[in-house]
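Below is one structure, written out as structure tokens; the observations come after it.
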Amino acid sequence: MASPALRRYRRISAAAAALILPADADLGALDALFGRRAPRRLELGCGHGEFIAALAAAHPEEDCLGIELDPLRVNKAAHKCAAAGAQHVRLLAAAAEAVLPRLPPAAFHRIYALFPDPWPKRAHRRRRLLNRATLLALARLAVPGCRLIVSSDCHEYALQVLTNATTLPGLWRPLLPNGYALDLPVRFVTVFERHKRAEGARIMHVHLERSAVPLP
Ligand SMILES: C[S@@+](CC[C@H](N)C(=O)[O-])C[C@H]1O[C@@H](n2cnc3c(N)ncnc32)[C@H](O)[C@@H]1O
């Protein structure tokens, strides 16, 4: 059940609603959906939208697509983006796994997955979003040189992402020494990062770069 704070986003302004794509949007036609052709960034699980709103405001010359499972969080994210004056954001309420195959190849030069749901119990780990199949799907969407930025307080998950990437030979190259770093300074702190830092958690960052190696 949605929290009272989220329930107030059941109703949003027309400006915010205009940033939300319908479920059946033609995602193969991103130029038409954004109304222009521009470099593009993708965020998976954009939550309450702090990050994508700040990112879009900092890069008005680029387009940002956010995918988020929870429709009320999408409404809240749209509200934040509209309030930030970011017209070049589109948001979709859907499971990322279902959306990624609908997007065109080589469409993004930055992809973010910040604090993906950790599913810490061993029996639930198969629900994790950043599995090998998702990393392969993201490799199709990434231009060569595209960076995939992953942050998590669940270090075991972040390291699993690194391991998954190495099982896709040559597609993703780790950028950080030893493959990861702890507590890097970040430009825009997300809601979850703020909460986790307040709890004293250390944040693990994994940065991967898409090579020019074609998909298998
Ligand atoms: C722990 S929260 C992090 C949100 C935000 N990135 C942040 O750091 O504040 C994880 C978010 O991912 C969303 N999510 C979970 N599974 C998803 C999926 N399969 N596709 C898209 N979003 C998903 C959740 O609804 C939630 O908003």
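Excluded from the calculations below are hydrogen atoms, water molecules and symmetry mates; all remaining heavy atoms, backbone and side chain alike, are included. Each ligand, and each atom within it, is numbered from 1 in the order the structure gives. On a predicted model such as this, the values are computed, not experimentally measured, just so you know.
Open room surrounds OH on Y180; 12 or fewer heavy atoms of other groups in view lie less than 6.0 Å from it.
The closest donor-acceptor contact from the side chain of H88 to the backbone of A56 lies under 3.5 Å. Looking only at distances, a side-chain donor or acceptor of D26 sits under 3.5 Å from a matching main-chain atom of G28.
Annotation: atom 1 (C) of ligand 1 to nearest protein heavy atom, F115 O, 3.0 Å. For atom 26 (C) of ligand 1, the closest heavy atom belonging to the protein is R73 NH1, 3.0 Å. In terms of protein heavy-atom proximity, atom 25 (O) of ligand 1 is closest to E68 OE2, 2.5 Å. Considering only non-hydrogen protein atoms, atom 8 (O) of ligand 1 sits nearest to T190 OG1, 2.7 Å. Closest protein heavy atom to atom 15 (C) of ligand 1: D117 OD2, 3.2 Å.
Taken from CG in L100 to CG in L129, the straight-line distance is 7.5 Å, to the nearest 0.5 Å.
A salt bridge links D63 and R36; the closest N-O separation between the charged side-chain nitrogens and carboxylate oxygens is under 4.0 Å. Between D24 and R102 no salt bridge is recorded (no basic side-chain N to carboxylate O distance below 4.0 Å). With respect to E156 and R128, a salt bridge is recorded, a charged nitrogen being found less than 4.0 Å from a carboxylate O. In this structure, E193 does not pair ionically with K196, as no charged nitrogen and carboxylate oxygen lie closer than 4.0 Å.
Taking every heavy atom of A95 and a limit of under 4.0 angstrom, the matching atoms of ligand 1 come to 20 (N). Close approach to A94 involves these atoms of ligand 1, each under 4.0 Å from a residue heavy atom: 20 (N), 21 (C).
Counting heavy atoms closer than 4.0 Å to ligand 1, residue P118 contributes nothing at all. Contacts between E193 and ligand 1 below 4.0 angstrom, taking non-hydrogen atoms only, are absent altogether. Counting heavy atoms under 4.0 Å from ligand 1, residue E97 touches it through the side chain alone.
Among P116, C154, A96, A93, the residue whose heavy atom lies closest to atom 20 (N) of ligand 1 is A96.
Between N75 and R10 the shortest side-chain heavy-atom distance does not fall below 4.5 Å.
Of the polar atoms of L114, at least one N or O is found under 3.5 Å from an N or O of ligand 1, judged by distance alone. Residue contacts with ligand 1: G45 is placed with a nitrogen or oxygen under 3.5 Å of a nitrogen or oxygen of the ligand (distance criterion only). For a threshold of 3.5 Å applied to N or O pairs, the pair formed by L69 and ligand 1 contains at least one separation below that value.
In the model, N164 has no side-chain atom that pairs as donor or acceptor with a side-chain atom of T167 under 3.5 Å.
Using a 4.0 Å cutoff on heavy atoms, L44 does not count as a contact of ligand 1.
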